There are 2 protein chains.
Amino acid sequence: MAEPTLTSNCLECSENGHACLKNLATDQLKIVDKARTEVTFKKGEILFKQGAFASQIMFIRKGLVKIYLENTSRDLILKIVPEGNYLGLSSLFGKNVFHYTAAAYEPTSVCMIERETFNQMILENATFGAEIIKTLNDETIQSYDRLYSLTRKQLHGRLADILLCLANTIYKNDKFKIPISRKDLADLTSMATESVIRILKDFRNEGILSLSGKTLEIHDKDRLQKISRIG
Amino acid sequence: MAEPTLTSNCLECSENGHACLKNLATDQLKIVDKARTEVTFKKGEILFKQGAFASQIMFIRKGLVKIYLENTSRDLILKIVPEGNYLGLSSLFGKNVFHYTAAAYEPTSVCMIERETFNQMILENATFGAEIIKTLNDETIQSYDRLYSLTRKQLHGRLADILLCLANTIYKNDKFKIPISRKDLADLTSMATESVIRILKDFRNEGILSLSGKTLEIHDKDRLQKISRIG
DNA sequence: GAGAAAAATTGATCCGGATCAGTTATTCAT
DNA sequence: ATGAATAACTGATCCGGATCAATTTTTCTC
C-alpha cells in the first residue's frame with residue numbers, strides 16, 4: 001500500500017505564511033504535523049460525504065472544491081471553495097458528522113488533520129480559536145449575501161452574482177476556465193439548467209462576456225455588477 | 001437620567017445555569033459583570049441597526065427578536081431569536097459593525113456586554129471560545145436548512161417550516177400567540193403577503209390549524225410535517 | 001477513432017405565485 | 001368613542017421561469 005505523498009510539513013507551511021495554523025506555536029505545529037496526512041483527489045472525486053463521521057478537518061492546499069447538500073430530488077451547492085480554505089469546520093465541537101458533501105472540481109490536494117488534535121489546539125491556544133471564530137464569521141456573513149441573492153434576485157441577477165464571485169474571489173481574473181457544468185451553475189443559483197444556458201446566451205449577445213470552450217471571459221464587468229444590483 | 005434596571009449580576013446568572021458565560025471562571029464573571037448593562041426594549045423597538053458599530057454583544061434575557069437585512073426594496077428576515085441566545089456574535093473578531101438589524105417583537109430585555117471585554121474573555125479562556133464556536137456552528141447548520149427551505153420548497157412547504165419552527169423551537173407548544181405580522185411571515189418565507197394569507201387559509205380549511213385573533217393552534221402536526229417534507 | 005454516454009442547446013408550453021386593485025377588519029391616537 | 005392609519009383579506013390578471021421534448025455537441029470508453 002503506497003503512502004500518500006507528503007510534500008511538506010506544518011512548520012514549513014506555517015513559515016511560508018499559509019493561512020492554516022496561523023497563531024500556533026512551534027510545539028503545537030509539531031503535534032499537528034504528526035496528526036496530519038496529505039491526500040490528493042482526482043477531478044470529480046468525493047472528499048467526504050454528508051452524514052459521514054467528521055474525523056478530520058481538511059485544508060485545501062491546491063484545487064477547487066464544491067460543498068453541497070445532497071437530496072433525493074436535487075443538490076443544493078452551498079459554496080465553491082478554492083485553495084487556502086478549511087473544509088469541515090462546521091463539525092467542530094458539535095455533532096461529529098459532516099453536514100454536507102464535498103467534491104473536487106479539479107485535481108485537488110488537501111491536508112487532513114485529526115479532528116481531536118485540531119480541537120485540542122483550539123482549547124490550548126485561544127488566539128488560534130479566535131482566528132477560527134473570525135473565519136466562521138466571515139463565512140456566515142458571506143452566506144447572508146448568498147441568501148439574499150437566491151431569495152430576492154431574479155435569474156439574471158443570481159447568475160451575475162456567481163460569475164462575479166468566480167472572477168473576483170475564486171480566480172481573481174476576468175478570464176478563466178470554468179470547470180463548473182451548466183447543471184452545477186443551476187444548482188448554485190437554484191434555477192433550471194436551461195435557464196442558465198439561456199441567460200449565458202443573453203450575456204453573450206449583449207457583449208457582457210464571451211465563451212470559447214470552457215474558457216469564459218468577462219468583458220463588461222460594470223454591466224454585470226449593475227445586473228447584480230438591480231436583481 | 002435614570003439608570004437601567006439591573007435585575008441580577010453575571011455571577012448569579014451563571015450559578016443559575018444560564019447559557020451565557022458558561023465556562024467562565026469567577027474572576028472573569030466579575031470582569032464581565034462590570035462591562036455589562038441591562039436594557040429593556042418595547043415591542044417594535046430596534047435593538048441595533050445594520051451598519052452601526054458593534055460595540056457590544058447582547059444576550060436576550062427575556063423576549064423575542066427578529067434579525068433582518070434591510071434593503072431599499074424589501075427586508076429579508078434572517079432569523080427569529082428567542083430568549084437565551086446571543087445577538088451580534090457574527091461581529092466578533094471581524095469588521096466592528098452589525099451585519100443586520102435587530103428589532104423586538106415583544107417587550108425584550110437584553111444584557112449588553114462590551115465587545116472588547118467579550119473578545120478578551122475568549123482570548124483568556126479557550127473553553128469559552130470553544131463554546132462560542134459550537135454556538136456559531138449550530139447557527140450555520142440551521143442556516144443550511146433555511147437556505148434549502150427557501151430555495152427548494154414551494155410556498156406551502158416554506159410556511160409549514162416556519163410554523164413548525166415557531167411551535168417546536170421558539171414556543172415549544174402547539175398553541176401560541178404569534179406576534180409576527182403576515183408581512184413579516186412573508187419576509188421570513190420570501191413570499192408575497194397575500195400568499196401567506198391564502199396559505200394560512202388553506203391550512204385552516206384543511207383543519208391543520210386554527211386561528212383566533214393572534215392565537216394560533218396547530219391541530220395536525222403530522223400533516224404539517226408532511227407538507228414540509230414534500231415541499 | 002468509433003460508438004456510447006453525458007452535457008449543452010433550442011423552442012414550445014404551462015403553471016406557481018407575484019402583482020394589482022380593491023374591501024373589510026384591527027389597532028392606534030386624540 | 002371616533003376618525004385615521006395600519007393590517008388582513010379577496011378576486012382577477014399577468015409573467016418569470018420551470019418543465020417538456022427534441023437535437024446537437026462534447027466527452028468519455030474500449
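We name chains A, B, ... by the order of the sequence lines, and we start the count at 1 in each one. All heavy atoms count here, side chains included; hydrogens, waters and symmetry mates do not. Computed from a predicted model, the values in this text were never measured in an experiment.
When the nearest nucleotides of DNA chain C are assigned to B:Lys153 and A:Leu211 by heavy-atom distance, the more 5′-ward of the two goes with A:Leu211.
Using a 30° and 60° split on the angle between ring planes, A:Phe98 and A:Phe48 fall in the parallel class, below 30°. Under the 30°/60° scheme for interplanar angles, the aromatic rings of A:His156 and A:Phe203 are found to stand perpendicular.
Rounded to an integer number of Å, the gap from CD of B:Gln154 to P of C:dA18 is 11 Å. Rounded to whole angstrom, the span from the NZ atom of B:Lys183 across to the P atom of C:dT19 amounts to 12 Å. If you measure from atom CG of B:Leu185 to atom P of D:dA7, you get 13 Å, rounded to the nearest angstrom. Distance A:Arg152 CZ to C:dT19 P: 10 Å, rounded to the nearest Å. Look at CZ on A:Phe203: it is 17 Å from P on C:dA8, rounded to the nearest Å. Look at CG on A:Leu216: it is 13 Å from P on C:dA8, rounded to the nearest Å. Residue A:Ile180 contributes atom CD1, which lies 16 Å from atom P of D:dT27 at whole-angstrom precision. The interatomic distance linking A:Ile199 (CD1) with C:dA8 (C1') rounds to 15 Å, in whole Å.
Taking side-chain N and O atoms only, A:Ser195 has no distance below 4.0 Å to OP1 or OP2 of D:dG17. The phosphate of C:dT10 has OP1 or OP2 within less than 4.0 Å of a side-chain N or O from A:Lys201. Between A:Arg198 and the phosphate of C:dT9, there is no side-chain N or O to OP1/OP2 separation shorter than 4.0 Å. For the pair B:Lys43 and C:dC28, the criterion of a side-chain N or O lying under 4.0 Å from OP1 or OP2 is not met. OP1 or OP2 of D:dA8 has at least one side-chain nitrogen or oxygen of B:Lys214 nearer than 4.0 Å.
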Given side chain to side chain contact (heavy atoms under 4.5 Å, CB included), test A:Thr189 with A:Leu155 step by step and report yes or no.
CA-CA 8 Å; A:Thr189 50; A:Leu155 300 192; over 6 Å; no
Output, in order, the C-alpha distance, side-chain angles, deciding distance and verdict of salt bridge (charged side-chain N to carboxylate O under 4.0 Å, His left out) for B:Arg61 and B:Glu83.
CA-CA 5 Å; B:Arg61 290 172 52 83; B:Glu83 58 199 47; over 6 Å; no
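When distances run from any side-chain atom of A:Arg158 to the nucleotides C:dG16, D:dA18, D:dA8, the shortest one goes to D:dA18. Here D:dT10 is the nucleotide among D:dT10, D:dT27, D:dG16 with the atom lying nearest to any side-chain atom of B:Glu194.
Salt-bridge annotation for A:Asp202 and A:Arg198: absent, with no side-chain N of the basic residue lying under 4.0 Å from a carboxylate O of the acidic one.
Here B:Ile197 lies in heavy-atom contact (under 4.0 Å) with a base.
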